[in-house]
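The next block holds one structure in the form of structure tokens; read it before the comments.
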Amino acid sequence: MFKKGSKIRSIFTGSCPKCQNESMYSDQNPLHLTKVLKMNETCSHCGLKYQIEPSFFYGAMYVSYGLNVAVGIAAFIVSFVFFGTTIEQSFLSIIIALVVLFPFVLRLSRNIYINMFVSYDPKAGSKANQ
């Protein structure tokens with residue numbers, strides 16, 4: 001499932017979608033909130049330019065919206081159905097879940113979005129290819 005070449009691996013690790021040899025982000029820890037969106041310009045292994053076109057990652061907002069809706073629904077179901085909380089407490093759990101998971105959803109949405117446009121190339125970044 002997480003073998004090299006799978007989109008799942010690239011999405012969850014934040015690695016280059018073309019060669020999967022390095023992280024796209026300058027700081028791999030999404031909890032460093034001031035650096036959560038700082039990305040490398042290109043991949044040092046295969047040379048893929050991450051910012052494919054100007055404002056490329058604005059499209060990741062749509063992916064982020066879908067992920068946040070899924071997180072909100074999951075938080076509501078867990079709190080209301082499984083823990084039996086009131087509606088007010090359930091909505092509070094949605095807010096808390098969205099705030100806590102914000103940096104992870106932000107990066108995950110960028111990873112999903114770039115993987116929609118760039119496919120894995122096993123020859124990319126290999127020493128014989130350069």
Side-chain angles (χ1 to χ4, degrees):
M1 182 169 161
F2 285 108
K3 63 182 174 124
K4 190 167 185 170
S6 70
K7 291 218 178 264
I8 298 292
R9 175 184 171 160
S10 178
I11 288 170
F12 284 112
T13 61
S15 60
C16 172
K18 190 171 182 182
C19 70
Q20 296 184 358
N21 285 325
E22 76 172 15
S23 176
M24 294 188 295
Y25 301 97
S26 57
D27 185 0
Q28 291 187 12
N29 188 352
L31 295 177
H32 295 151
L33 298 178
T34 58
K35 300 176 185 176
V36 73
L37 292 177
K38 296 217 183 224
M39 298 181 73
N40 298 322
E41 291 287 322
T42 60
C43 176
S44 65
H45 292 278
C46 67
L48 174 70
K49 185 177 178 185
Y50 297 128
Q51 189 83 7
I52 296 172
E53 60 185 32
S55 304
F56 173 71
F57 285 108
Y58 282 149
M61 289 187 302
Y62 299 105
V63 177
S64 178
Y65 175 77
L67 291 175
N68 280 313
V69 168
V71 167
I73 291 171
F76 179 80
I77 290 172
V78 167
S79 66
F80 189 72
V81 174
F82 295 122
F83 292 123
T85 60
T86 65
I87 292 290
E88 293 84 8
Q89 291 170 332
S90 297
F91 280 107
L92 184 62
S93 70
I94 291 171
I95 293 168
I96 291 170
L98 290 175
V99 168
V100 168
L101 295 176
F102 169 73
F104 300 102
V105 169
L106 192 64
R107 281 216 177 158
L108 190 61
S109 64
R110 280 188 167 210
N111 297 347
I112 291 171
Y113 192 69
I114 195 167
N115 273 279
M116 289 167 55
F117 297 99
V118 179
S119 296
Y120 176 71
D121 181 6
K123 297 175 188 157
S126 65
K127 297 298 179 190
N129 193 25
Q130 294 177 352

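The analysis underlying the following values was restricted to heavy atoms, covering all of them including side chains, and did not include hydrogens, waters or symmetry mates.
Closest approach of Leu48 to Cys16, counting heavy atoms only: CD2-SG, 3.9 Å. The minimum heavy-atom distance between Ser90 and Ser93, with the atom names listed, is O-OG, 2.5 Å.
Looking only at atom types and distance, the side chain of Lys4 has a donor-acceptor partner in the side chain of Asn21 under 3.5 Å away. Ser44 and Glu22 are linked by a side-chain donor-acceptor pair at a separation below 3.5 angstrom, with hydrogens and angles left out of the test.
Listed for the Gln20 side chain is a donor-acceptor partner under 3.5 Å among the backbone atoms of Ser6. Within the 3.5 Å criterion, the main-chain N or O of Tyr58 finds no donor-acceptor partner in the side chain of Ser55. Of the possible donor and acceptor atoms, none in the side chain of Ser64 sits under 3.5 Å from a partner among the backbone N and O of Ala60. Side chain of Arg107 to main chain of Val36: a donor-acceptor pair is present (N/O by atom type, distance under 3.5 Å, no hydrogens or angles).
By the neighbour-count criterion of 12 heavy atoms within 6.0 Å, atom CD of Gln28 is sparsely surrounded, having that number or fewer from other residues, nucleotides or ligands. Around NZ of Lys7, the count of heavy atoms belonging to other residues, nucleotides or ligands within 6.0 Å exceeds 12. Summarising the local packing, CZ of Phe104 is surrounded by more than 12 heavy atoms from other residues, nucleotides or ligands at distances under 6.0 Å. Shown here is Lys49, whose NZ atom has no more than 12 heavy atoms of other residues, nucleotides or ligands within 6.0 Å.
If you take CD on Glu41 and OG on Ser26, they are separated by 10.0 Å, rounding to the nearest 0.5 Å. Atom-to-atom distance recorded for Leu101:CG and Asn68:CG is 8.5 Å, nearest 0.5 angstrom. In this structure, CD1 in Ile8 is found 11.5 Å from CG in Asn111, a value given to the nearest 0.5 Å. Here the straight-line distance linking atom CG of Asp27 with atom CG of Asn40 works out to 10.5 Å at 0.5 Å rounding. To the nearest 0.5 Å, atom CE of residue Met24 and atom OG1 of residue Thr42 are 13.0 Å apart.
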Go through the steps for Cys43 and Cys19 under the test side-chain contact (heavy atoms from CB on, under 4.5 Å), then give the verdict.
CA-CA 9 Å; Cys43 176; Cys19 70; 3.4 Å; yes

Run the numbers on Leu67 and Ile112 for side-chain contact (heavy atoms from CB on, under 4.5 Å), then give the verdict.
CA-CA 10 Å; Leu67 291 175; Ile112 291 171; 4.1 Å; yes

Applying side-chain contact (heavy atoms from CB on, under 4.5 Å) to Met39 and Phe57, what does each step give before you reach the verdict?
CA-CA 11 Å; Met39 298 181 73; Phe57 285 108; 3.8 Å; yes

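In this structure, Leu108 is a member of the same hydrophobic cluster as Tyr25, with clusters built from ILVMFWY side-chain heavy atoms closer than 4.5 Å. A single hydrophobic cluster is not seen to contain both Leu37 and Leu33; linkage of ILVMFWY side chains at heavy-atom distances under 4.5 Å, directly or through other members, places them apart. Under a hydrophobic clustering in which Ile, Leu, Val, Met, Phe, Trp and Tyr are joined whenever their side-chain heavy atoms come within less than 4.5 Å, directly or via other members, Leu98 and Ile87 fall into the same cluster. Linking Ile, Leu, Val, Met, Phe, Trp and Tyr residues whenever their side-chain heavy atoms come within less than 4.5 Å places Ile94 and Val78 in a single cluster. The same ILVMFWY cluster, assembled from side-chain heavy atoms under 4.5 Å apart, contains both Met116 and Ile11.
Looking at residues two or more places apart in sequence or on another chain, you find a ring pair (Phe, Tyr, Trp, His ring centres under 6.0 Å) between Phe117 and Phe56, Tyr113. Here Thr13 pairs with Ser15 under the side chain to side chain donor-acceptor pair (under 3.5 Å) rule; sequence neighbours left out.
Residues in residues 74-93 take part in these ring pair (Phe, Tyr, Trp, His ring centres under 6.0 Å) pairs, two or more places apart or across chains: Phe76-Phe80, Phe76-Phe91.
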